[in-house]
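Worksheet for the structure shown next.
Index from 1, following the sequence.
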Amino acid sequence: MNMYDNPDTVSHSFDEKYLSPYLIQAQWAEFIALKEVIFELAHRLRRPIRILDIGVGSGRIIQNLHDIAEIWQQVSHYTGTDNAVLCLDLASKMVNDLGINDKVTLLELDAIALHQLTEKYDLIITTWFTAGNFYPNDFDFKGYTTATSKLDLTINSKFTTIFSQAYSLLVPEGEIVLGACYKDNDATRIKQELSYQKMGMTIITSPEDSFTATQERFWSQRFTKEKIHRYFPFVPVSKIAFKDLDTYDYAMQVRIKK
């Protein structure tokens, strides 16, 4: 079972009336920053680019890119993966409604199995804070509130495994972009908790944790620049760049160049 297997959770996650103002504004800041990356990369490579979206969700990014012809024409093909069938159903309907099946491929695939893909990509993205959702397989959602020790995220082998596979799928000069990552500070933690509570969820983590989790199996990590560097040991520090998505220390975009 994963965090998007519940129909109510899925509908609340993509319905703005359940989202905090911080999340809504982060969505648009993330998209604006992503448009700049796509345009820059296509211009640098001098051709339309192939995109892989890890955790495509409802297909919101596809919809937004499609709606701006000048950006959509910079995309040669868009592949979206997700391990949640309910999300893929939403994305598939949107792709069918737009009539862009020739340019978009949707796959049911867990991120940990990216090595199964055989294509190469110019740009690999995760959006909507997906990079923070990769929790250890043995995380105890039921017992964490009474656990005797806190989860140590000095390293996150699942995260590193996923993105090392993604890195191997890049063409030379390609990029991985973590569209939005929560910054690790107390103010952001509080905003995360309020967001989940607005969706009707119950928080199971404490201020000492560097992630926020709920009884409903939502799990989202916060990051520092140092932690990102540690989680990408196979990438030179000079190839990793950060961009603030706001002025209040809430979210950042991370670009990893090959």
Exercise. Parallel, tilted or perpendicular: which fits the ring planes of Phe139 and Phe141, with parallel below 30° and perpendicular above 60°?
Worked result: perpendicular
Exercise. Got more than 12 heavy atoms from elsewhere within 6.0 Å of CG, Leu194?
Worked result: yes
Exercise. Is it true that a side-chain atom of Thr146 and a backbone atom of Gly143 form a donor plus acceptor pair closer than 3.5 Å?
Worked result: yes
For this session: Check the pair Glu175, Arg44 against salt bridge (charged side-chain N to carboxylate O under 4.0 Å, His left out), reporting the backbone distance first and the verdict last.
Result: CA-CA 12 Å; Glu175 293 192 34; Arg44 187 166 76 239; 3.3 Å; yes
For this session: Return yes if some donor-acceptor pair links the side-chain N/O of Gln253 with the main-chain N/O of Leu245 below 3.5 Å, else return no.
Result: no
Problem set entry | Within 45° cone of Tyr250 ring axis and under 6.0 Å: Lys183 NZ or CZ | no
Exercise. Is there a donor-acceptor pair closer than 3.5 Å between any side-chain N or O of Asp209 and the backbone N or O of Thr205?
Worked result: no
Exercise. Taking the inter-plane angle between the rings of Phe211 and Tyr144 on a 0 to 90° scale, is it parallel (under 30°), tilted (30 to 60°) or perpendicular (over 60°)?
Worked result: tilted
For this session: Taking the side chain as every heavy atom from C-beta outward, state whether Leu109 and Leu117 have any pair of such atoms under 4.5 Å apart.
Result: yes
Exercise. So, does Lys243 use its side chain to make a donor-acceptor pair with the main chain of Val254 at under 3.5 Å?
Worked result: no
Exercise. Taking everything shown except Lys150 itself, do over 12 heavy atoms lie less than 6.0 Å from its NZ?
Worked result: yes
Problem set entry | Geometric class of the Phe159/Phe223 ring pair [parallel <30°, tilted 30-60°, perpendicular >60°] | tilted
For this session: Take Thr154 and Lys227 through the side-chain hydrogen bond (donor to acceptor under 3.5 Å, both in side chains) test and state the conclusion after the steps.
Result: CA-CA 7 Å; Thr154 302; Lys227 187 164 286 185; over 6 Å; no
Exercise. Counting heavy atoms not belonging to Lys93, are there more than 12 under 6.0 Å from its NZ?
Worked result: no
For this session: Identify the heavy atoms of Leu114 and Leu52 that sit nearest to each other, and give their distance.
Result: CD2-CD2, 4.4 Å
Problem set entry | Distance-minimising heavy-atom pair for Gly200 and Glu216 | O-OE2, 4.1 Å
For this session: List the steps and the verdict of salt bridge (charged side-chain N to carboxylate O under 4.0 Å, His left out) for Arg255 and Glu36.
Result: CA-CA 12 Å; Arg255 295 176 66 172; Glu36 294 175 356; over 6 Å; no
Exercise. Would you find a donor on one side and an acceptor on the other, under 3.5 Å apart, between the side chain of Asn156 and the backbone of Phe134?
Worked result: yes
Exercise. Can you check whether Glu193's main-chain N or O pairs, donor with acceptor, with Thr212's side chain at less than 3.5 Å?
Worked result: no
Exercise. If we ignore angles and hydrogens, is there a donor and acceptor under 3.5 Å between the side chains of Gln221 and Tyr231?
Worked result: yes
Exercise. Would you say the side-chain atoms of Thr130 pair up with the backbone N or O of Thr126, donor to acceptor, closer than 3.5 Å?
Worked result: no
Exercise. Does the ring center of Phe163 lie less than 6.0 Å from the ring center of Phe232?
Worked result: yes
For this session: Using the side-chain hydrogen bond (donor to acceptor under 3.5 Å, both in side chains) rule, take Asn185 and Thr188 through it: C-alpha gap first, then chi angles, then the decisive distance, then the call.
Result: CA-CA 6 Å; Asn185 57 68; Thr188 296; 3.0 Å; yes
Exercise. With distance as the sole test, does Asn133 use its side chain to make a donor-acceptor pair with the main-chain N or O of Trp219 at under 3.5 Å?
Worked result: yes
Exercise. Is it true that atom NE2 of His115 has more than 12 heavy atoms of other residues, nucleotides or ligands lying nearer than 6.0 Å?
Worked result: yes
Problem set entry | Steps toward salt bridge (charged side-chain N to carboxylate O under 4.0 Å, His left out) verdict (Arg50, Glu119) | CA-CA 9 Å; Arg50 296 180 61 85; Glu119 301 289 338; 3.7 Å; yes
For this session: Check for a donor-acceptor pair, side chain of Asp186 on one end and backbone N or O of Arg189 on the other, with a separation under 3.5 Å.
Result: no
Exercise. Heavy atoms, side chains only, cut-off 4.5 Å: are Asp249 and Asp244 in contact?
Worked result: no
Exercise. Is the side chain of Asp82 donor-acceptor paired with the backbone N or O of Gly57 at a distance under 3.5 Å, no angle test?
Worked result: yes
Exercise. Taking it one step at a time, do Arg222 and Gln192 satisfy side-chain hydrogen bond (donor to acceptor under 3.5 Å, both in side chains)?
Worked result: CA-CA 10 Å; Arg222 297 180 296 278; Gln192 280 181 291; 2.7 Å; yes
Exercise. Counting only heavy atoms not in Phe39, do more than 12 fall under 6.0 Å of its CZ?
Worked result: no
Problem set entry | Lys158 to Tyr135 six-membered ring, cation-pi geometry met (6.0 Å, 45°) | yes
For this session: State, yes or no, whether a side-chain contact exists between Ile125 and Tyr78 at a heavy-atom distance under 4.5 Å.
Result: yes
Exercise. Between Ser76 and Lys103, is any side-chain donor less than 3.5 angstrom from a side-chain acceptor?
Worked result: no
For this session: For the pair Trp28 and Phe31, name the ring-plane relationship: parallel under 30°, tilted 30 to 60°, perpendicular over 60°.
Result: perpendicular
For this session: Could you walk me through whether Arg230 and Glu226 pass the salt bridge (charged side-chain N to carboxylate O under 4.0 Å, His left out) test, one step at a time?
Result: CA-CA 6 Å; Arg230 196 181 309 125; Glu226 293 75 19; over 6 Å; no
Exercise. Is it the case that more than 12 heavy atoms not belonging to Gln73 sit under 6.0 Å from its CD atom?
Worked result: yes
Problem set entry | Within-4.5 Å side-chain heavy-atom neighbours: Val95 and Asp97 | no
Problem set entry | CD1 on Ile51 to CD1 on Ile124, rounded to 0.5 Å | 11.0 Å
